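Predicted model only: the values in this text are computed from it and were never measured. Side chains are part of it too, since the values below use all heavy atoms of this structure and drop only hydrogens, waters and symmetry mates.
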Amino acid sequence: MALLLGVDTGGTYTDAVIIRDEREVIASAKALTTRSDLAIGVGGAVRAVLAQSGVAAGDIALASLSTTLATNALVEGQGGRVALIYIGFKERDLETHGLLEALKGDPHVVLAGGHNHAGGEAVPLDEDGLRAFLAEHGAGVGGFAVAAQFATRNPAHELRAMALVSELTGRPVSASHQLSAKLNGPKRAMTAVLNARLIGMIDRLIGRAEDTLKDLGISAPLMVVRGDGALISSAQARERPIETILSGPAASIVGARWMTGADHALVSDIGGTTTDVALLKDGRPAIDPAGARVGPYRTMVEAVAMRTTGLGGDSEVHFLSEGLVGGVSLGPRRLLPVSLVAMDAPEVVHATLDAQLRSTLPGEYDGRFVRAVSGQTMEGIGVREEQLLERIGEAVHPIGNVLRSRIETGALKRLVQRGLVQVAGVTPSDASHVLGLADSWDSEAAHKALALFGRRRTGSGDRLAPEPETMARMIITQLEQQTALVLLESAFSEEEVGFGEDPAVLARHVLMQRGLGGHRGLVRLETGLAVPVIGLGASAATYYPAVGKLLGCEMILPEHAGVANAIGAVVGRVTMREAGTITSPSEGKFRVHLHEGPQDFGDADSALARLEEVLRERAMLAAEAAGAADIQVNVSRDVRTAGVESREVFIEAEITVEASGRPRVAV
């Protein structure tokens, strides 16, 4: 009998489950996620589930972690300060491919160098320019990203740049050819930048989680969920944290399949920060062929084909003043719910809310608070941000008491993006407390905050909502409507036959919306979802029944929906994929593109055999390093030829090797 521990660190809660022999959930528990040190929340959830189950810590045979940390960090624009070394490309690529936006003002350099399509050196690497850049910026960033032209055909310049970064700065470095075997240099550069930005954050989480488990007496190996739902070792996750984006959502799909046995359904997982939707088809989630997309960023990471939207229980509530009646919208930024921050600083929060309610006029920062997040690195922040951090200190403050000028709002925004401070304000979680749908936190503070929010004046001059309960219903209704739109967009994006429009446009189209209401006039319209929805997340039971009614579909809410991610974290498989390419630079020459550099062969069969041998070895070693047992290997070949003068001419070939097995459990 093997006892397996699954842990998921979400934006609001950290969940833990213990499963026996992959068949039965023995116990589950939750603890608040602690942003300043996620391991505190991990420890709280694991202690609770051990106590509830009666299982001895030493009997746990395997522990596995899924996390929304990387996903949420990219959606919210957080992460460490990095520098990009861009070799052999053009300066204009930085803007046209979104790299400048992703860098967010972090340093970069465009250097001469790179290779051609066949792997030959196009231009020598500008090592002097690289050395000068490292001397200037090495001490001011937490890591480096390196991307060179055609590095997947010959990584020599990336390898040399990596060596110089390590020698001259000692900082971690992410090379694009190690993260993807595909072409498209700017996209690989984006992936490397995001990987470098996440390294420190994921490293701290995994290191502290391992220490916490050991302190609790759990000596079992720790696995981490990858974005495609497979498991990898904690060491592999530390080196390539970008692969953990969509880790939590991927785990939820694995968990949904395990709990329901569904073969064809949409899986929608609502957390504190995001709503993640994916299609389960033939019992398996599809892998996004274009690479994982999170927020505004498209990466080259293999991950579940999923739409991630900044919509959750802790989404920021925005006041819409347009029109006579006004309204609200939600997200994409996550706030601390007022009802939650009031648990940590009740005197400050209630005194502030009471004073604001006594004021005759609503204030710009009514119901909003700020606090610092301890234990974070402050590399590269400006003087204004430093002054603001000093003013905040370790206490909770009303935002209006901290900001002394309009220009400081920009500094506060930058501190939030870096994860150095958190802002609290009205969220759907507060609305749920007002309506009695939740009672975990300070409901009285939620009532006061929603009363303040409802005092805003609409275009007609009337209050947005006369009572906190009216305001709460407005927010919950908006969450349900936005969730329905997210599900419709996801369904349209997965339709095999397209409709010639963007899924977001189709979901909001007047015919679609009128059809949801069963329009009956001269025209009869009926629309909705034709597949069930599996609703996951702690708050799914609160919000999703109404969403099912809006969309006219079956809404499946599994018994353990609130801990689906933690379940999926421990019932998945270890799967390692390695891919490589063969080109033909001239007739009779077949070039195998390897990490060590290109190798040429005189015939295609020899080249194919060599590449498959190398990829098999790499995939097997990676699977064994990840802790896989009973490994099975699958190989797929894609050989492209063209007919020329009545004969077949070799153009290019790609081989993908997949090594898969169940994680090895401690005995």
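A donor-acceptor pair under 3.5 Å is formed between the side chain of Arg197 and the backbone N or O of Gly80. The main-chain N or O of Ala118 is found under 3.5 Å from a side-chain atom of Arg591 such that the two form a donor-acceptor pair. Panel note: side chain Glu158, backbone Ala148; a donor-acceptor pair is recorded below 3.5 Å. In terms of modelled atom types and a separation under 3.5 Å, the side chain of Thr299 and the main chain of Thr191 share no donor-acceptor contact. Looking at Thr275, its side chain does come within 3.5 Å of a backbone N or O of Leu311 through a donor-acceptor pair. Of the possible donor and acceptor atoms, one in the side chain of Glu385 sits under 3.5 Å from a partner among the backbone N and O of Gly382. Between the Ser247 side chain and the Glu243 main chain, no donor and acceptor come within less than 3.5 Å of each other. Under the 3.5 Å distance criterion, the side-chain polar atoms of Thr33 are matched with a main-chain donor or acceptor of Tyr13. Looking only at distances, no side-chain donor or acceptor of Arg618 sits under 3.5 Å from a matching main-chain atom of Val657. The main-chain N or O of Gly114 is found under 3.5 Å from a side-chain atom of His157 such that the two form a donor-acceptor pair.
Considering all non-hydrogen atoms of both residues, Gly185 and Phe89 come closest at CA-CZ, 3.7 Å. Here the shortest heavy-atom pairing between Thr575 and Ser660 reads OG1-OG, 3.3 Å. Across all their heavy atoms, Ala39 and Thr212 have their closest contact at CB-OG1, 3.3 Å. Annotation for Arg81 and Pro107: closest pair NH2-CD, 3.7 Å, computed over non-hydrogen atoms. For the pair Leu222 and Glu210, the tightest heavy-atom approach, listed with the atom from each and the gap, is CD2-CG, 3.5 Å. Closest approach of Leu485 and Ala507 over heavy atoms only: CD2-O, 3.7 Å.
Taking CD1 of Ile582 as the start and CG of Leu611 as the end, the distance is 4.5 Å to the nearest 0.5 Å. Taken from CG in Asp8 to CG in Asp15, the straight-line distance is 5.5 Å, to the nearest 0.5 Å. The distance from atom CD of Gln236 to atom CD of Glu239, rounded to the nearest 0.5 Å, is 7.5 Å. For the atom pair OH of Tyr86 and CG of Asp93, the computed distance is 4.0 Å after rounding to the nearest 0.5 Å. Interatomic distance, CG of Leu205 versus CZ of Arg238, reported as 9.5 Å (0.5 Å rounding). Arg334 contributes atom CZ, which lies 10.5 Å from atom OG1 of Thr274 (distance to the nearest 0.5 angstrom).
In this structure the side chain of Gln482 never reaches within 4.5 angstrom of the side chain of Thr309, judged on heavy atoms. Contact check for Phe492 versus Val505: no side-chain heavy atoms found under the 4.5 Å cut-off. Side-chain contact between Val254 and Val225: absent, with no pair of heavy atoms (C-beta onward) separated by less than 4.5 Å. Contact check for Ile87 versus Gln149: no side-chain heavy atoms found under the 4.5 Å cut-off. Side-chain atoms of Arg333 and Val416, non-hydrogen and from C-beta on, do get closer than 4.5 Å to each other. Thr308 has its side chain out of reach of Ile245: every pair of non-hydrogen atoms, C-beta onward, lies at least 4.5 Å apart. When side chains are defined from C-beta on, His593 counts as touching Thr583, because their heavy atoms get closer than 4.5 Å. The shortest distance between side-chain heavy atoms of Ser174 and Ile199 falls below 4.5 Å.
Other residues, nucleotides and ligands contribute only 12 or fewer heavy atoms inside 6.0 Å of the CD atom of Glu95. Within 6.0 Å of atom CD in Glu394, 12 or fewer heavy atoms from other residues, nucleotides or ligands are found, so the atom counts as exposed in its surroundings. For CZ of Arg131, the number of neighbouring non-hydrogen atoms (other residues, nucleotides, ligands) closer than 6.0 Å is greater than 12. Counted within 6.0 Å of CD on Glu652, heavy atoms from surrounding residues, nucleotides or ligands total more than 12; the atom is thus considered enclosed.
A donor-acceptor pair shorter than 3.5 Å can be found between the side chains of His108 and Glu91. In the model, Gln178 has no side-chain atom that pairs as donor or acceptor with a side-chain atom of His595 under 3.5 Å. For the residue pair Arg153 and His117, a side-chain donor N or O sits within less than 3.5 Å of a side-chain acceptor on the partner. In this structure, a donor-acceptor pair under 3.5 Å is absent between the side chains of Ser180 and Arg188. Side-chain atoms of Thr9 and Thr67 include a donor-acceptor pair closer than 3.5 Å.
Aromatic ring orientation, His137 versus Phe133: tilted (interplanar angle from 30° to 60°).
Scored by the side-chain hydrogen bond (donor to acceptor under 3.5 Å, both in side chains) test, Ser268 finds Tyr544 as partners (sequence neighbours excluded).
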**Request:** Step by step, work out the side-chain contact (heavy atoms from CB on, under 4.5 Å) result for Leu487 and Val277.
**Result:** CA-CA 7 Å; Leu487 285 164; Val277 183; 3.8 Å; yes

**Trace of the side-chain contact (heavy atoms from CB on, under 4.5 Å) decision for Thr14 with Leu38** = CA-CA 9 Å; Thr14 295; Leu38 292 170; 5.7 Å; no

**Item:** CA sep, side-chain torsions, deciding dist, call: Ile85, Val165, side-chain contact (heavy atoms from CB on, under 4.5 Å)
**Value:** CA-CA 10 Å; Ile85 301 167; Val165 170; 3.7 Å; yes

**Prompt:** Taking it one step at a time, do Glu121 and Asn154 satisfy side-chain contact (heavy atoms from CB on, under 4.5 Å)?
**Reply:** CA-CA 8 Å; Glu121 185 177 77; Asn154 190 335; over 6 Å; no

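Between Pro241 and the choices Leu194, Asn195, Asp203, the side-chain contact (heavy atoms from CB on, under 4.5 Å) rule is met once, by Asn195. Of the residues listed (Arg391, Gln387, Arg384, Lys413), the one engaging Glu408 in a side chain to side chain donor-acceptor pair (under 3.5 Å) is Arg391, and it is the only one. Among Leu536, Leu279, Asp228, Val304, the single residue meeting the side-chain contact (heavy atoms from CB on, under 4.5 Å) criterion with Ile253 is Val304.
A salt bridge does not link Glu654 to Lys182: none of the charged nitrogens lies less than 4.0 Å from a carboxylate oxygen. Salt-bridge formation is detected for the pair Asp638/Arg640: a Lys NZ or Arg NE/NH1/NH2 atom is positioned less than 4.0 Å from an Asp or Glu carboxylate oxygen.
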Could you give the side-chain donor-acceptor pairs of residues 122-129 under 3.5 Å, partners two or more places apart or in another chain?
{"from": "Asp126", "atom 1": "OD1", "to": "Gly129", "atom 2": "N", "distance (Å)": "2.9"}
{"from": "Glu127", "atom 1": "OE1", "to": "Arg160", "atom 2": "NH2", "distance (Å)": "3.2"}
{"from": "Glu127", "atom 1": "OE2", "to": "Arg160", "atom 2": "NE", "distance (Å)": "3.0"}

